[in-house]
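Here's the structure, in structure tokens; my notes come after.
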Amino acid sequence: MKPSTIRIGRRYRSNRLEGPYDTIVIGSGPGGMAAAVCLSKAGQKVLVLEQHYTAGGFTHSYSRNGYEWDVGVHYVGDVGNPDTMAGALFGYLTEGELQWAPMEDNYDRFYIGDEQYDLLRGKDAFRKQMVHYFPDETQAIDQYLDLLKQVSNAMPAFIGRKLLPVWINKAMQLVGKGKLPSFFNEHTVDVLSRLTSNKKLIAVLTGQWGDNGLPPEQSSFMVHALIARHYMHGGYYPIGGSSRIAETMIPQIQATGGELFTYAEVTDILVENDQATGVRMKDGTEIRAQRVISNTGVYNTFERLLPEATAKATGYLDKLRQVRPSMTHLGMYIGIADTAANLNLPQTNFWIYPDENHEQNVNNFLADSSQPFPVVYVSFPSAKDPSWDERYPNRATIEIVAPAKFEWFEQWKDETWGKRGEDYDALKAAFSERLLEVLYKKLPQLRGKIDYYELSTPLSTDFFCFYKKGEIYGLDHDPQRFNQDWLKPKTEIPGLYLTGQDVMTAGVVGAAMSGFMTACSVLGLSGSWKLQKQMRSWEPKENKPYSAKESHNKTKEQVSA
């Protein structure tokens with residue numbers, strides 16, 4: 001396969017380092033990038049190191065055979081309005097250069113067996129549609145919406161527990177401040193089962209469970225509520241593709257002398273006198289800084305990068321036993337030599353389920369891969385992006401995601417990417433044919449029109465994103481995970497901080513918020529207050545329309561540099 005032509009960031013060379021640096025960030029996902037931008041805006045010189053050939057983590061894009069796909073960004077909620085927290089945050093991080101296109105009012109569609117359920121933009125429209133589907137469940141639906149609001153109102157207290165010193169949190173709890181609702185971290189299905197006994201309604205309300213990777217019987221209600229409320233006012237898509245997220249943040253890092261390097265693999269976090277003092281690169285170069293921020297996930301941080309003696313002495317190796325890696329997946333990337341309009345491709349995402357028994361279907365499939373997929377998610381990025389036809393005329397793309405099991409592919413984990421052999425290719429081909437049949441059943445007009453497709457497996461996730469089990473959401477979003485008070489920005493090791501989805505939650509906004517939180521933790525009380533004030537007071541300026549041609553030329557300049 002030909003390599004992707006989309007390269008965001010500057011290629012690492014040791015002679016290109018221009019230290020000293022105040023902060024080193026390992027990993028360029030939204031959490032790492034957000035932390036780097038916020039610290040840069042506070043005047044720090046920040047170095048971001050990305051082991052992949054392009055920046056962005058799960059927000060990066062790649063191109064092949066005349067098509068482009070986003071590997072992890074299918075839609076984002078709350079970013080279209082600069083008055084929301086998410087909208088203000090991304091405006092602040094990108095200086096308004098990142099623009100978002102709203103999806104159709106019907107942003108998500110659930111197929112449960114032979115039945116169809118649509119989610120509509122806006123709380124009133126959402127409620128009206130749910131009552132239409134379940135007229136006898138009006139009270140349960142209203143109670144559900146109230147619970148979502150209660151979780152949202154409790155989030156500042158939850159975030160405060162991650163940022164404030166332990167003694168302050170304990171003191172607040174003693175006086176009854178910052179108390180979370182009793183249902184906040186219960187299993188999702190337990191909370192909903194107290195509202196209704198209608199399993200079909202519960203299955204519909206939890207139809208976005210793939211956004212956190214756990215069926216409702218296993219997930220924390222907190223993360224379910226955040227996701228449901230996050231999309232309540234519709235979905236948005238980054239104009240120009242998800243690579244624009246990293247591309248529009250890099251200039252803020254460079255403005256204070258910092259840089260983002262790709263092909264920059266860190267092998268060790270340096271610890272001297274029990275304090276993190278820098279990193280060692282794969283080429284042996286040692287880079288020093290006042291602090292290190294890891295955006296690589298807690299498993300990578302404490303098992304791969306930190307000296308074993310330090311990880312053991314500080315108890316982090318024991319703490320890792322209290323959490324589990326999240327789901328793994330198959331990702332299918334499809335290209336068609338026609339336009340989305342001609343093909344009648346929607347902006348609406350499809351969630352396709354065999355029936356309402358989410359957990360049972362997951363268990364059956366993971367025990368026997370020949371069983372029906374428990375969920376198949378289908379996204380149509382070329383229909384969502386208004387700049388697409390300018391960038392890729394007479395082309396359309398589709399992306400499909402389905403659960404998988406790392407063990408099905410583990411025997412090939414030490415083989416070279418793209419050269420894992422005929423048996424591996426045959427297994428991928430079998431899964432691909434099954435996923436295509438699911439697609440054709442909903443969109444029969446596509447049969448015989450596909451020009452190109454390829455399938456990624458959990459091994460691809462490990463190779464490109466450095467997750468050793470192929471997990472896409474970091475840690476499982478179950479109640480046990482959210483009971484871990486050590487999952488916060490500041491570690492027990494002076495000079496070492498964490499950021500990314502393991503600190504907060506999965507998703508573009510969750511990860512970016514974690515970066516903001518990490519920057520607050522680094523800057524302390526006064527610096528944090530100033531940063532929050534800057535972000536909340538940010539206002540959009542008049543932006544010229546997005547130009548695909550200018551963006552392409554800018555990307556070429558970054559790569560050639």
Side-chain angles (χ1 to χ4, degrees), residues 74-75 77 103-121 125-126 128-135 137 141 188-189 192 196 198-217 219 224 227-228 231-232 234-235 327 329-332 334 340 343-366 369-381 383-384 396-404 431-447 450 453:
H74 303 111
Y75 61 154
M103 293 168 57
E104 296 172 358
D105 286 348
N106 174 200
Y107 53 95
D108 271 337
R109 174 171 296 160
F110 306 144
Y111 293 98
I112 300 180
D114 296 326
E115 298 175 344
Q116 175 183 316
Y117 299 88
D118 291 337
L119 297 189
L120 300 183
R121 175 196 304 270
F126 176 94
K128 182 178 180 180
Q129 192 75 350
M130 288 298 109
V131 171
H132 169 72
Y133 294 136
F134 302 96
E137 298 287 345
I141 293 167
T188 301
V189 77
L192 299 185
T196 178
N198 190 320
K199 291 186 177 181
K200 186 64 69 68
L201 172 59
I202 292 175
V204 172
L205 293 178
T206 59
Q208 296 166 313
W209 68 259
D211 281 336
N212 74 76
L214 284 179
E217 290 81 0
S219 65
H224 162 81
I227 291 170
Y231 292 111
M232 190 70 69
M327 69 171 284
H329 78 298
L330 301 170
M332 193 171 194
I334 298 171
L343 295 166
N344 198 28
L345 299 183
Q347 294 181 359
T348 306
N349 305 313
F350 291 179
W351 299 81
I352 305 168
Y353 299 98
D355 55 44
E356 66 269 28
N357 300 305
H358 294 321
E359 184 183 43
Q360 179 181 330
N361 293 329
V362 170
N363 292 338
N364 291 343
F365 179 67
L366 296 182
S369 63
S370 68
Q371 294 295 307
F373 290 106
V375 57
V376 173
Y377 172 85
V378 187
S379 175
F380 308 93
K384 300 175 187 178
T397 55
I398 300 170
E399 296 168 0
I400 302 177
V401 179
F431 278 120
S432 297
E433 290 300 322
R434 290 174 60 188
L435 289 172
L436 287 173
E437 287 303 317
V438 174
L439 176 67
Y440 294 149
K441 187 174 181 180
K442 299 305 178 189
L443 297 173
Q445 72 270 24
L446 300 182
R447 190 180 292 274
I450 290 178
Y453 69 83

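Given the structure is predicted, the values throughout are model-derived calculations rather than measurements. One is the number of the first residue; the rest follow in order along the sequence.
- For Ser379, the side chain to side chain donor-acceptor pair (under 3.5 Å) partners two or more places apart in sequence, or in a different chain, are Lys384.
- Between Trp209 and Thr188, the closest side-chain pair of non-hydrogen atoms is not below 4.5 Å.
- For Tyr111, the ring pair (Phe, Tyr, Trp, His ring centres under 6.0 Å) partners two or more places apart in sequence, or in a different chain, are Phe350.
- Legend: residues meeting salt bridge (Lys or Arg N to Asp or Glu O under 4.0 Å) with Glu359, ordered by chain and number and at least two apart, are absent.
- When the ring pair (Phe, Tyr, Trp, His ring centres under 6.0 Å) test is applied to His329, no partner is found at least two apart in sequence or on another chain.
- The aromatic rings of Phe431 and Phe365 sit perpendicular to each other, their planes meeting at more than 60°, with 30° as the lower class boundary.
- Interatomic distance, CZ of Phe373 versus CG of Asn361, reported as 13.0 Å (0.5 Å rounding).
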> Does the side-chain contact (heavy atoms from CB on, under 4.5 Å) test come out yes or no for Ile398 and Leu446, once each step is laid out?
Replying inline: CA-CA 11 Å; Ile398 300 170; Leu446 300 182; 3.5 Å; yes
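- Across every non-hydrogen atom of Ala383 and Leu345, the tightest pair is CB-O, 3.8 Å.
- Distance check: Leu214 CG to Thr206 OG1 gives 12.0 Å after rounding to the nearest 0.5 Å.
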Run the side-chain donor-acceptor check on residues 113-120: report pairs under 3.5 Å with partners two or more places apart or on a different chain.
residue	atom	partner	partner atom	Å
Glu115	OE1	Tyr117	OH	2.6
Glu115	OE1	Lys200	NZ	2.7
Gln116	NE2	Asp118	OD1	3.4
Gln116	NE2	Asp118	OD2	3.3
Asp118	OD1	Arg109	NE	2.8

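- Between Pro381 and Glu399, the closest side-chain pair of non-hydrogen atoms falls below 4.5 Å.
- Residue pairs meeting the salt bridge (charged side-chain N to carboxylate O under 4.0 Å, His left out) criterion with at least one member in residues 201-211, sequence neighbours excluded, do not occur.
- Among all heavy-atom pairs drawn from Met327 and Gly213, the shortest one is SD-CA, 3.4 Å.
- Considering only residues two or more places apart in sequence or on other chains, Glu437 meets the salt bridge (Lys or Arg N to Asp or Glu O under 4.0 Å) condition with Arg447.
- Ring-plane geometry between Phe110 and Tyr353 is classed as perpendicular, the angle between the planes exceeding 60 degrees on a 0 to 90 degree scale with a lower cut at 30.
- Considering only residues two or more places apart in sequence or on other chains, Thr196 meets the side-chain contact (heavy atoms from CB on, under 4.5 Å) condition with Glu137, Ala140, Asn198, Leu201, Ile202.
- A search for salt bridge (Lys or Arg N to Asp or Glu O under 4.0 Å) contacts involving Asp355 returns nothing, not counting sequence neighbours.
- A distance of 13.5 Å separates CD1 of Ile141 from NZ of Lys128, quoted to the nearest 0.5 Å.
- Note that the CG atom of Leu436 and the CD1 atom of Ile450 stand 4.5 Å from one another [nearest 0.5 Å].
- Partners of Tyr377 by ring pair (Phe, Tyr, Trp, His ring centres under 6.0 Å), not counting sequence neighbours, listed by chain and number: His74, Trp351.
- By the salt bridge (Lys or Arg N to Asp or Glu O under 4.0 Å) test, Asp108 is found to be paired with no residue, residues two or more places apart in sequence or in another chain being considered.
- In this structure, Gln445 CD and Asn344 CG are separated by 6.0 Å, a value rounded to the nearest 0.5 Å.
- Atom NZ of Lys441 sits in a sparse spot, with 12 or fewer heavy atoms from other residues, nucleotides or ligands closer than 6.0 Å.
- For the pair Pro374 and Pro354, the tightest heavy-atom approach, listed with the atom from each and the gap, is O-CD, 3.4 Å.
- Judged purely by atom type and a 3.5 angstrom limit, Gln347 uses its side chain to pair as donor or acceptor with the backbone of Glu104.
- Minimum heavy-atom separation, Ala203 to Glu356: CB-CB, 3.4 Å.
- Residue Leu439 holds its CG atom at 7.5 Å from CD1 of Ile352, rounded to the nearest 0.5 Å.
- Side chains of His358 and Val375 form no contact here, defined as non-hydrogen atoms less than 4.5 Å apart.
- The ring pair (Phe, Tyr, Trp, His ring centres under 6.0 Å) check on Tyr107 picks up nothing, with sequence neighbours excluded.
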